[in-house]
Participant: 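Attaching a single structure in structure tokens format; questions to follow.
Naming: A, B, ... by sequence-line order, numbering from 1 per chain. All values derive from a computational prediction rather than experimental measurement.
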There are 2 protein chains.
Amino acid sequence: MVTIKDVAKAAGVSPATVSLALNNNDKVNRETRKRVQAVARSLNYIPNARAKALVEKSTKIIGLVIPEIHNPFFSEMAQAIKDYLQDSDYSIILCGTDNNPDLESKYINMFKGGLVDGAIFSCITNVNNEVVHDLARNYLPLVYIDRVAEDEEVIPMIKSNLAEGAYQLTRHLLDLGHRKIAFIGRTDEERFQGYLKGMQEAGCPVIESYIFDQSYTFDQGIAAGKTLLTLPEKPTGVVCFNDEVALGLTQFMVKAGRKIPTDLSVCGIDNTVSRYYNPEITTIDVPKQEMGRTAARLLLKMIKGEKIRAEERFIHFPVTLIKRDSTAPPR
Amino acid sequence: MVTIKDVAKAAGVSPATVSLALNNNDKVNRETRKRVQAVARSLNYIPNARAKALVEKSTKIIGLVIPEIHNPFFSEMAQAIKDYLQDSDYSIILCGTDNNPDLESKYINMFKGGLVDGAIFSCITNVNNEVVHDLARNYLPLVYIDRVAEDEEVIPMIKSNLAEGAYQLTRHLLDLGHRKIAFIGRTDEERFQGYLKGMQEAGCPVIESYIFDQSYTFDQGIAAGKTLLTLPEKPTGVVCFNDEVALGLTQFMVKAGRKIPTDLSVCGIDNTVSRYYNPEITTIDVPKQEMGRTAARLLLKMIKGEKIRAEERFIHFPVTLIKRDSTAPPR
DNA sequence: AATTTTATTTAAAACGATTTAAGTTACATT
DNA sequence: AATGTAACTTAAATCGTTTTAAATAAAATT
């Protein structure tokens with residue numbers, strides 16, 4: 001491995017000069033600079049990132065904490081974050097918690113050790129709320145995406161209004177004439193609140209919802225479909241936690257001989273895979289890429305120590321109802 | 001920030017003793033060890049990862065270089081790699097190249113600087129072949145997934161037999177009676193070779209294929225569908241580069257009034273989203289998770305400096321034809 | 001010619017850990 | 001009592017950079 005000393009020796013200068021020269025500092029003579037740079041190139045010298053990180057107190061890495069790596073919603077956001085950070089030469093450490101609080105706190109401890117310069121959290125668990133706030137207060141800049149911070153002074157939030165989204169879907173179904181509408185997802189999540197609000201406004205009974213602790217996948221949708229068939233009173237419409245669940249549920253129902261939307265209207269949330277189905281599934285669009293970019297921009301700002309204005313600390317992104325072919329009036 | 005010196009002072013010992021005590025070295029007296037550990041805990045001491053990395057010449061990070069973050073094939077593999085590395089306390093830096101050779105070589109340079117302890121490459125570009133081999137030879141342990149190394153002595157390869165997969169699909173269509181079969185994808189890729197072989201064996205003409213330079217997405221499938229409709233002689237069967245492309249193409253065809261599989265038989269490759277469609281799409285299963293695990297295992301072994309046996313340097317994983325409802329005899 | 005100013009260069013400290021070899025005790029052996 | 005040995009502890013070197021303050025050399029001013 002060729003170090004700065006090797007370059008110094010070969011160029012006949014001191015390591016200090018090499019460092020300055022390679023960073024194009026004009027304290028060092030133009031000619032010396034060029035010469036040192038040439039020598040460094042000829043020796044294939046590459047500054048050691050680990051040594052650099054130690055002295056600069058920065059690894060040029062940010063942590064991205066998401067529940068599931070293998071989930072189009074998060075991977076689309078991750079892609080946007082990556083694209084944004086590219087120009088600033090930041091890299092991303094990918095931390096998938098699998099909705100496991102222990103894993104999450106393991107990552108948090110890594111972060112405390114100075115592995116990253118900042119982090120973006122996008123998780124549903126609230127178990128480590130205290131710990132995360134401590135992390136933000138005493139260790140690193142942090143930004144939340146779609147997770148509510150107790151104190152946005154400490155952790156800015158990038159939010160999409162998923163409660164509003166679920167509400168719009170519920171309203172959409174109600175407007176079509178549905179009265180028996182089920183919700184598939186977790187009740188401790190704001191999506192459920194939106195559904196609840198819609199049902200209560202219309203004076204309709206809430207239909208027992210199905211809670212998944214771990215993940216929100218196609219297979220969970222199938223499982224939910226099975227449960228749905230066992231209900232004494234069959235719903236005519238259903239709002240799903242996300243698109244994948246909606247697709248799984250729909251696929252199951254179709255195989256079970258139900259017609260979509262004739263027998264059952266289905267809605268997804270997040271507009272990822274919903275257009276992959278036939279019929280295309282009605283859903284709520286969330287500006288994932290814009291949210292990712294915004295989070296990245298904000299985090300970089302915080303890392304640089306720039307002031308974050310109050311109105312930047314809580315950014316709400318609007319959601320959009322996308323009516324497709326999986327919803328229709330009940331029979 | 002609390003450092004090892006602070007702990008040393010508070011515990012009334014030297015930094016050396018603290019270091020040894022915290023690493024549970026039995027050179028240091030049992031009682032001293034316990035005391036130091038207690039003091040460290042009470043001060044919330046966390047060893048600085050950057051300093052540690054410098055002295056240990058290891059960041060405990062591995063690089064994962066994939067073409068697209070937002071692609072279920074890769075994210076499923078990434079998930080498996082993450083799961084495997086978890087136990088060894090390794091983290092993943094996610095490097096999405098977007099099939100851009102410049103971006104790829106940017107990552108390579110980062111790696112040369114010692115940012116990671118090893119890397120897994122899963123890319124289709126071959127532009128940086130030389131550079132990557134140099135990286136493997138002179139800097140870090142490297143493993144390939146589904147990419148062919150010139151010299152597997154230097155870079156072990158985890159391969160799925162995608163040529164065989166494409167061949168099986170083509171045979172499947174031929175056996176159903178199809179003669180006009182199109183291939184959607186890149187011709188410089190081994191999938192095309194498998195298709196080619198099948199067509200040649202059957203004495204059927206190859207139907208012009210559509211090349212995507214950047215990504216293999218649903219939208220690219222739609223674009224391919226449009227092109228397909230303009231062909232003078234309509235194919236009755238089509239083999240797509242991957243599932244997402246197959247889904248896009250199918251969705252387009254259905255909207256254009258074609259019946260699947262009656263009017264057109266469609267095949268995907270990689271078994272990711274193909275079962276999301278109605279009808280479910282025939283595809284080739286690739287053991288993504290097993291491949292990811294294997295790559296991670298091999299890489300860790302190399303990082304530890306263990307000997308890699310010759311038969312471990314080129315591991316071929318079998319693929320499986322999954323017949324579903326998108327393929328049938330031509331009309 | 002002596003002094004000040006300016007332009008370059010560099011020695012040395014710092015970053016915060018690990019590790020090696022040397023130093024210090026305490027205890028057993030002769 | 002002198003010596004050897006085992007059990008701990010620590011001083012100091014090391015990792016490879018950056019940065020600051022000091023040193024040096026050259027030019028400009030008096």
Side-chain angles (χ1 to χ4, degrees), chain A residues 1-37 39-40 43-61 89 109-117 139-140, chain B residues 1-37 39-40 43-61 89 109-117 139-140:
Chain A
M1 183 189 156
V2 34
T3 73
I4 202 170
K5 285 185 191 171
D6 301 320
V7 179
K9 201 166 288 177
V13 294
S14 74
T17 305
V18 176
S19 174
L20 294 170
L22 292 182
N23 291 315
N24 242 308
N25 190 315
D26 49 6
K27 269 191 208 156
V28 43
N29 186 299
R30 209 167 191 305
E31 281 181 26
T32 321
R33 236 187 298 169
K34 292 280 166 249
R35 204 183 70 238
V36 169
Q37 285 167 4
V39 171
L43 291 181
N44 284 321
Y45 169 71
I46 294 178
N48 185 294
R50 297 182 298 255
K52 215 167 159 159
L54 176 58
V55 59
E56 293 187 333
K57 296 181 190 310
S58 154
T59 55
K60 286 289 206 174
I61 301 174
D89 285 318
N109 277 324
M110 279 180 19
F111 291 175
K112 284 188 185 169
L115 182 69
V116 299
D117 293 354
Y139 295 88
L140 310 161
Chain B
M1 187 187 155
V2 34
T3 74
I4 202 171
K5 284 185 191 169
D6 300 320
V7 179
K9 201 165 288 178
V13 294
S14 75
T17 305
V18 176
S19 175
L20 294 171
L22 292 182
N23 291 314
N24 242 310
N25 191 315
D26 50 5
K27 268 192 210 155
V28 44
N29 186 301
R30 210 167 191 300
E31 282 181 25
T32 321
R33 237 187 296 168
K34 292 279 167 246
R35 204 183 70 239
V36 169
Q37 284 166 5
V39 170
L43 291 180
N44 285 320
Y45 169 71
I46 293 177
N48 185 292
R50 297 183 297 253
K52 214 166 158 159
L54 176 58
V55 58
E56 292 187 333
K57 297 182 190 309
S58 154
T59 55
K60 286 288 204 173
I61 301 175
D89 286 318
N109 277 325
M110 279 180 17
F111 292 175
K112 283 189 185 169
L115 182 69
V116 299
D117 293 353
Y139 294 88
L140 310 162

Participant: Considering only side-chain heavy atoms of B/Asn48, which listed nucleotide, C/dT18, C/dA12, C/dG16, is closest?
Facilitator: C/dG16
Participant: Do you know the tightest heavy-atom contact between A/Ala49 and B/Gly114?
Facilitator: CB-C, 4.5 Å
Participant: Categorize A/Thr17 for me: base, sugar-phosphate, or nothing, with a 4.0 angstrom heavy-atom threshold over every strand shown.
Facilitator: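 Base, at least one base heavy atom under 4.0 Å.
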Participant: To the nearest 0.5 Å, tell me how far A/Leu20 CG sits from A/Asn29 CG.
Facilitator: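 Answer rounded to 0.5 Å: 12.5 Å.
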Participant: Using whole Å, report how far NZ of A/Lys5 lies from C1' of C/dT10.
Facilitator: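 About 14 Å, once rounded to whole Å.
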Participant: Rounded to the nearest angstrom, tell me the gap between atom CG in A/Asn25 and atom P in C/dT10.
Facilitator: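 Distance, rounded to whole Å: 14 Å.
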Participant: Indicate yes or no: at least one non-hydrogen side-chain atom of A/Thr3 is less than 4.5 angstrom from one of A/Asp6.
Facilitator: yes
Participant: What's A/Thr3 touching, base or sugar-phosphate or nothing? Going by heavy atoms closer than 4.0 Å.
Facilitator: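 Sugar-phosphate, no base atom in range.
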Participant: Atom CD of B/Glu56 to atom C1' of C/dG16: distance rounded to whole Å?
Facilitator: 12 Å
Participant: For A/Lys27, report the nucleic acid contact type (base, sugar-phosphate, nothing); a contact means any heavy atom under 4.0 Å.
Facilitator: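 Base, at least one base heavy atom under 4.0 Å.
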Participant: Holding to side-chain contact (heavy atoms from CB on, under 4.5 Å), I want the full list of residues that pass it with B/Ile4, two or more places apart in sequence or in another chain.
Facilitator: B/Pro15, B/Val18, B/Ser19, B/Tyr45
Participant: To the closest 0.5 Å, what do you measure between OG (A/Ser58) and NZ (A/Lys52)?
Facilitator: 9.5 Å
Participant: How sharply is the helix from C/dA1-D/dT30 to C/dT30-D/dA1 bent, taking the axes over five pairs at either end and rounding to 10 degrees?
Facilitator: 70°
Participant: How many whole angstroms separate atom CG of B/Leu22 from atom C1' of C/dA17?
Facilitator: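 Nearest whole value for this atom pair: 11 Å.
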Participant: To the nearest angstrom, how far is B/Leu20 atom CG from C/dA17 atom P?
Facilitator: 14 Å
Participant: Once rounded to the nearest 0.5 Å, what's the spacing between atom CG of B/Leu115 and atom NZ of B/Lys112?
Facilitator: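 Output value for this atom pair is 14.5 Å.
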Participant: Is the shortest heavy-atom distance from the side chain of A/Asp117 to the side chain of A/Leu140 under 4.5 Å?
Facilitator: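 The answer is no; the side chains never approach within 4.5 Å.
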Participant: Over how many whole Å does the gap from A/Asn29 atom CG to C/dT9 atom C1' extend?
Facilitator: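 For the pair A/Asn29 CG and C/dT9 C1', the rounded distance is 10 Å.
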Participant: What verdict does the side-chain contact (heavy atoms from CB on, under 4.5 Å) test give for A/Asp26 and A/Arg33, after you've listed the backbone C-alpha separation in whole Å, the side-chain angles of each residue and the deciding distance to 0.1 Å?
Facilitator: CA-CA 8 Å; A/Asp26 49 6; A/Arg33 236 187 298 169; 3.8 Å; yes
Participant: Provide, to the nearest angstrom, the distance between the CG atom belonging to A/Leu115 and the P atom belonging to C/dC15.
Facilitator: 21 Å
Participant: So for atom NZ, which belongs to B/Lys60, do other residues, nucleotides or ligands contribute more than 12 heavy atoms lying within a distance under 6.0 Å?
Facilitator: yes
Participant: When the distance from CG of A/Leu54 to P of C/dG16 is rounded to whole Å, what number comes out?
Facilitator: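 Rounded to whole Å, this separation is 7 Å.
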Participant: Can you give me the first and the last nucleotide of DNA chain D (5' to 3') that has an atom within less than 4.0 angstrom of a non-hydrogen atom in chain A?
Facilitator: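 The protein-touched segment is D/dG16 to D/dT20.
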Participant: Is A/Val55 touching bases, backbone alone, or none of the nucleic acid, heavy atoms closer than 4.0 Å?
Facilitator: base
